[in-house]
Asks: 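My structure is below; once you've seen it, I'll send some questions.
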Amino acid sequence: MLDLKFVRSNQDVIARMLRQRGYDLDLSGFRSLDEKRRSILASLEELRYQRNKVSDDIAAMKRRGEDASSIISEMKAVSKEIRALEAELPAVVDQLNELLMHIPNVPHESVVVGKNADDNPVIRRWGEIRDFDFDPASHWEIGEKLNILDFSRAAKIAGSRFCLQSGIGATIERALINFMLDTHTKRHGYTEVLPPFLVNSESMTGTGQLPKFREDLFKVDGWDLFLIPTAEVPVTNIHRDEILSIDELPIKYVSYTPCFRSEAGSWGKDTRGLVRQHQFNKVELVKFCCPEDSDQELESLTADAEGILQRLGLPYRVVSLCTGDLGFSAAKTYDIEVWLPEQQLFKEISSCSNFTDFQARRANIRFRRKKGRGTELVHTLNGSGLAVGRTLVAVLENYQQPDGSVVIPEALTPYMNGLSVIDRRE
RNA sequence: GGAGAGAUGGCCGAGUAGGCUUAAGGCGCUCGCCUGCUAAGUGAGUGUGGGGCGAAAGCUCUACCGAGGGUUCGAAUCCCUCUCUCUCCGCCA
């Protein structure tokens, strides 16, 4: 959510921003709603002032034992007026908030203007794409042959877009999770958190999934609880409605959670394999920092995520999302895309974003500086570090051998009880 | 699930037969003073959101005592509903 005062005095900036993002949003009602709100507030506060003052007079008269009945009946009318205005206000405020909640964040000045993903500039590449002397197989073929991925039984248990991993398939998932958590806690200085996997609607609103993206969520029937689509939701909400001390900043959390997404609107996309599932594991990085540090924190957060791919020896590239491809709450986003040899393309494996104060305003997360009074909103950032399922896809496909076995990256073998090759077992 | 107790500022903690409460007092913090340094002492200041005035520093009004309703001229205080925490009992991985 943007600042009301900012929107009020920067209508032209907002309009240009909406155009660049490809949004069609009518803001014509904003000014009149805003003025209506302020005029109601002005008369309301004037009346309250009067009421407070006269109430003191009544108290004083009563203490002196005087008769106050005529003033009291006078104030009855004032109170009635106050109640009428109080009843009028919420509807106006709600409409104004509704409008504000649907305005996306202002892109960072370094974000290029573009229509869609085709306009995303590639920032850098890392690693060498392996030259296969055979036709590389897809991860689902590899996984089913090795007896570690079982999509048909998962469909029986739960339906499409689920996977059952067994034996080494379960172990390597756990190994990847532990490898990522250890790397981020020991090498990159993050604090590990294990949050609830179900959250209430306030939390979903705080990070922006509600009200706009309800369709993407699984809701628990009969409860105000949703399955989390990403650890970003519970972890960012850790500090909802808090005022942090500047000494605590930056706060860096790493969190493993399963993620649950309905994937409404992506029917027919990535229907096979692990790439797009209703449930997948993810290790997420979340930061809270001072406004002046968030540009740099985004760079280091992205580098931390890249570090995982580098240690696993998986080739990737980093793209910067253009205005047309940028998410609703983000001011700037780097996507890290890993190379998948079977499809011959780079596939998103991490998305690292700076939300500036956009999420913090909605979730009411502030901090106080040592000198100077008042509070400021923190900046929040997050990024996958990494999507575990897609990392497994990349490992299986990039490390496959002609005989159908898969070499385990060196960094991972300590987490695999020393196992260095996944082979067909009887 | 049953019975009881509770929720007050950054923290602790008073305050409920409604009105001199502008939410006492303490801790912490900030800025002074004082003393070789530290500690102690001492003086002042110190919540958040919103509105208005102002170039600004600031001034002023208003709301906020877990959340939401209600009673009243007036609610931290009385009534109702809900949420959460604690104690005991029951059930349970």
Side-chain angles (χ1 to χ4, degrees), chain A residues 1-9 30-101 194-206 210 220 222-226 234 237-249 251 288 290 357-378:
Chain A
M1 182 160 77
L2 292 177
D3 180 35
L4 176 68
K5 288 176 196 160
F6 175 79
V7 175
R8 183 184 297 153
S9 51
F30 175 82
R31 190 170 292 276
S32 68
L33 271 174
D34 183 43
E35 276 163 14
K36 191 169 178 193
R37 171 179 163 274
R38 278 190 285 174
S39 91
I40 292 174
L41 266 183
S43 21
L44 186 57
E45 293 190 349
E46 170 60 34
L47 287 169
R48 279 174 174 163
Y49 171 62
Q50 199 182 332
R51 181 182 72 185
N52 290 345
K53 217 171 55 179
V54 176
S55 285
D56 287 344
D57 295 344
I58 293 173
M61 287 175 80
K62 288 212 164 181
R63 267 194 305 276
R64 290 193 300 264
E66 297 171 22
D67 175 37
S69 56
S70 75
I71 308 185
I72 286 176
S73 62
E74 222 173 278
M75 291 315 289
K76 273 187 190 182
V78 173
S79 280
K80 206 174 163 189
E81 263 185 90
I82 289 174
R83 264 191 282 271
L85 284 172
E86 279 174 343
E88 210 178 320
L89 195 58
V92 178
V93 171
D94 285 353
Q95 282 178 57
L96 205 55
N97 273 334
E98 183 69 12
L99 214 55
L100 275 178
M101 294 263 245
L194 184 65
F197 300 161
L198 296 172
V199 301
N200 57 31
S201 49
E202 267 180 88
S203 293
M204 284 293 187
T205 308
L210 293 178
V220 181
W223 294 71
D224 179 33
L225 285 174
F226 298 82
N237 276 283
I238 289 174
H239 296 297
R240 171 153 54 87
D241 295 321
E242 289 187 9
I243 300 172
L244 304 165
S245 154
I246 193 167
D247 301 328
E248 301 173 72
L249 301 177
I251 295 173
F288 304 80
C290 297
D357 61 7
F358 194 83
Q359 272 187 337
R361 182 171 296 107
R362 212 185 251 221
N364 192 25
I365 308 171
R366 293 166 294 171
F367 76 102
R368 209 189 302 275
R369 290 190 194 272
K370 275 234 153 38
K371 293 187 179 171
R373 66 203 65 177
T375 59
E376 290 176 56
L377 294 162
V378 300

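Numbers restart at 1 for each chain; the letters A, B, ... are given by sequence-line order, proteins then strands.
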Asks: How far, in whole Å, is B/C79 from B/U72 if one measures between their C1' atoms?
Replies: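 Here B/U72 and B/C79 have their C1' atoms 12 Å from each other.
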Asks: Contact class for A/R64 (heavy atom, under 4.0 Å): base, sugar-phosphate, or nothing?
Replies: nothing
Asks: If pairing requires Watson-Crick or G-U wobble contacts with both distances under 3.5 Å, which nucleotide is the partner of B/G9?
Replies: none
Asks: Once you apply a heavy-atom cut-off of 4.0 Å, does A/K5 come out as touching a base, just sugar-phosphate, or nothing?
Replies: sugar-phosphate
Asks: Within the 3.5 Å criterion, strictly below it, is a donor on A/R240 or A/S203 matched to an acceptor on the partner's side chain?
Replies: yes
Asks: Checking base pairs now: Watson-Crick or wobble, both atom distances under 3.5 Å. What partners B/U71?
Replies: none
Asks: Can you tell me, in whole Å, how much space there is between the C1' of B/A76 and that of B/G15?
Replies: 8 Å
Asks: Quote, to the nearest angstrom, the C1' distance that separates B/A5 from B/A93.
Replies: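 One C1' to the other, the span is 29 Å.
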Asks: Is a side-chain donor or acceptor of A/R37 paired with a backbone partner of A/V92 at a separation under 3.5 angstrom?
Replies: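 Side chain of A/R37 to backbone of A/V92, a donor-acceptor pair under 3.5 Å: no, none is there.
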Asks: For the side chain of A/E45 and the base of B/G52, is some donor closer than 3.5 Å to an acceptor across the two?
Replies: no
Asks: If we take the C1' atom in both B/G43 and B/G50, what is their distance in whole Å?
Replies: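 My reading of the C1' atoms in B/G43 and B/G50 gives 34 Å.
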Asks: Which nucleotide, if any, forms a Watson-Crick or G-U wobble pair with B/C65, using both distances under 3.5 Å?
Replies: none
Asks: If pairing requires Watson-Crick or G-U wobble contacts with both distances under 3.5 Å, which nucleotide is the partner of B/U42?
Replies: B/G32
Asks: Scan A/I58 against the nucleic acid and name what it touches under 4.0 Å (heavy atoms): base, sugar-phosphate only, or nothing.
Replies: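 Here A/I58 touches the bases of the nucleic acid.
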Asks: With both distances under 3.5 angstrom, what nucleotide forms a Watson-Crick or G-U wobble pair with B/A93?
Replies: none
Asks: What is the distance, to the nearest angstrom, from the CG atom on A/L244 to the P atom on B/U48?
Replies: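 Taking atom P of B/U48 as the reference, CG of A/L244 is at 14 Å.
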Asks: Mind checking the NZ-CD1 spacing from A/K76 to A/I72? Nearest 0.5 Å is all I need.
Replies: 8.0 Å
Asks: Students often get this wrong, so: under 4.0 angstrom with heavy atoms, is A/D56 touching a base, only sugar-phosphate, or nothing?
Replies: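 If one applies the 4.0 Å heavy-atom cut-off, A/D56 turns out to touch nothing in the nucleic acid.
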Asks: In whole Å, measure the gap between the P atoms of B/U77 and B/G70 for me.
Replies: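 Their P atoms lie roughly 14 Å apart.
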Asks: Here's a test of your reading of the structure: between A/A60 and A/L4, which maps to the more 5' nucleotide of RNA chain B?
Replies: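 Final value for this comparison: A/A60.
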Asks: Write down the distance separating the C1' atoms in B/C89 and B/G74, rounded off to the nearest Å.
Replies: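 Looking at atom C1' only, B/C89 and B/G74 are 44 Å apart.
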Asks: Keeping the roles fixed (side chain from A/R48, backbone from A/I82), state whether a donor-acceptor pair exists under 3.5 Å.
Replies: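 No, the answer is negative, given that no donor and acceptor are paired below the 3.5 Å cut-off.
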Asks: Does A/R51 put a side-chain nitrogen or oxygen below 4.0 Å from OP1 or OP2 of B/U72?
Replies: no
Asks: Could you grab the distance from atom CG of A/L4 to atom CG of A/L96, nearest 0.5 Å is fine?
Replies: 5.5 Å
Asks: Would A/N200 and A/D224 count as having a side-chain donor-acceptor pair, cut-off 3.5 Å?
Replies: no
Asks: Expressed as a whole number of Å, how far does the P atom of B/C82 sit from that of B/G4?
Replies: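 It works out to 15 Å between them.
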Asks: Taking the same atom, P, in B/U38 and in B/U30, what whole-Å distance lies between them?
Replies: 14 Å
Asks: For RNA chain B, whose closest nucleotide is more 5', that of A/Y49 or that of A/A59?
Replies: A/A59
